[in-house]
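Okay, structure first, notes after.
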Amino acid sequence: AIRRQVFEAIVAFKPIADQLTTDQEMGKLVGQHGYKVKLAPYLIAMDEESMPFAHHAKQIVRWLIAIKAASPVNYQFILLTNSTFLSFIFWLFAPADRFHIAVLAGTVLFRTLTPVCLNARFIKDPKVVWHAWMVLPVDFVLPVLWLIGQWHRRITWRGEDFLVRKGKMVPVENNGR
């Protein structure tokens with residue numbers, strides 16, 4: 001949320017209308033105009049309607065392209081935050097070794113129980129417990145989507161196609177569509 005006077009002082013969305021990461025750019029603009037940016041001190045549970053996997057995969061690729069546009073160097077290190085995938089690769093080097101098995105098992109347990117524990121403490125939504133296992137397949141799909149995001153610059157936003165160039169969205173010509 002942003003106060004109207006701050007929104008008007010930074011000239012609304014005009015300076016960032018063609019930016020892919022408008023939320024990040026909005027925060028920068030607010031700070032550049034001398035205002036403080038504060039994050040809400042509470043969690044907000046978001047619930048999405050059921051959609052096919054392809055829809056979610058496209059959304060994640062769009063987010064990854066946005067992250068790459070906003071912070072190209074940091075994008076290269078995103079996979080280092082994927083503990084399940086990294087511990088699986090570690091396990092592959094010595095699948096019979098007890099330490100490698102323990103690292104993989106501990107990571108799987110940690111990744112599965114973390115949303116359950118956070119939910120129990122903060123959100124208290126019973127659906128989270130039933131879907132906690134989904135963290136694991138997502139951790140293995142994410143590296144593939146990261147690779148796609150590495151080379152793609154084209155996104156679809158609200159039914160329109162754009163190329164991402166230097167963090168800006170450039171409309172793609174329809175070519176007779």
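Nothing fancy with the numbering, it's 1 onward along the sequence. The analysis underlying the following values was restricted to heavy atoms, covering all of them including side chains, and did not include hydrogens, waters or symmetry mates.
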Could you pull out every donor-acceptor pair under 3.5 Å between side chains of residues 102-110 and any protein atom, sequence neighbours left out?
| residue | atom | partner | partner atom | Å |
| --- | --- | --- | --- | --- |
| Thr107 | OG1 | Val103 | O | 2.8 |

- Task: For side chain to side chain contact (heavy atoms under 4.5 Å, CB included), just list the numbers for Arg154 and Val172, CA-CA rounded to whole Å, side-chain angles, deciding distance to a tenth of an Å, and then say yes or no.
- Result: CA-CA 9 Å; Arg154 188 179 186 136; Val172 174; 3.4 Å; yes
Practice prompt. Count the heavy atoms belonging to other residues, nucleotides or ligands that lie under 6.0 Å from NZ of Lys124, then report whether that count exceeds 12.
Written response: yes
In Trp146, Phe85, Phe53, the residue satisfying side chain to side chain contact (heavy atoms under 4.5 Å, CB included) with Val141 is Phe53
CD (Gln59) and CG (Leu145) are apart, to the nearest 0.5 Å, by 11.5 Å
- Is there a path of hydrophobic side-chain contacts, each under 4.5 Å between heavy atoms of I, L, V, M, F, W or Y residues, that connects Val144 with Val61? yes
Is the ring pair Phe88/Phe140 parallel, tilted or perpendicular, if the boundaries are 30 and 60 degrees? perpendicular
With the 4.5 Å side-chain cut-off for hydrophobic clustering, are Ile148 and Trp63 part of the same group? yes
Hphob cluster co-occupancy, Ile65 + Trp157, side-chain heavy atoms under 4.5 angstrom
yes
Requested in this report: Identify whether Met51 and Ile60 are in the same connected component of the hydrophobic contact network (ILVMFWY, side-chain heavy atoms under 4.5 Å).
Outcome: no
Kindly indicate, with the supporting measurements, whether the criterion side chain to side chain contact (heavy atoms under 4.5 Å, CB included) is fulfilled by Ile78 and Leu64. CA-CA 9 Å; Ile78 285 176; Leu64 288 168; 4.0 Å; yes
Ring centroids only, cut at 6.0 angstrom: are Phe93 and His100 within range, meaning strictly under it? no
Let me see the working for Val135 and Asp139 under side chain to side chain contact (heavy atoms under 4.5 Å, CB included), right down to the final yes or no.
-> CA-CA 6 Å; Val135 169; Asp139 280 355; 3.9 Å; yes
Nearest heavy-atom approach of Ser71 to Asn74 is OG-ND2, 2.8 Å
Taken to the nearest 0.5 Å, the spacing of Lys127 NZ from Asn119 CG works out to 10.5 Å
In this structure, CD of Gln76 is separated from CD of Gln150 (nearest 0.5 Å) by 4.5 Å
- Item | Lys68 side chain vs Gly149 backbone, donor-acceptor pair below 3.5 Å | yes
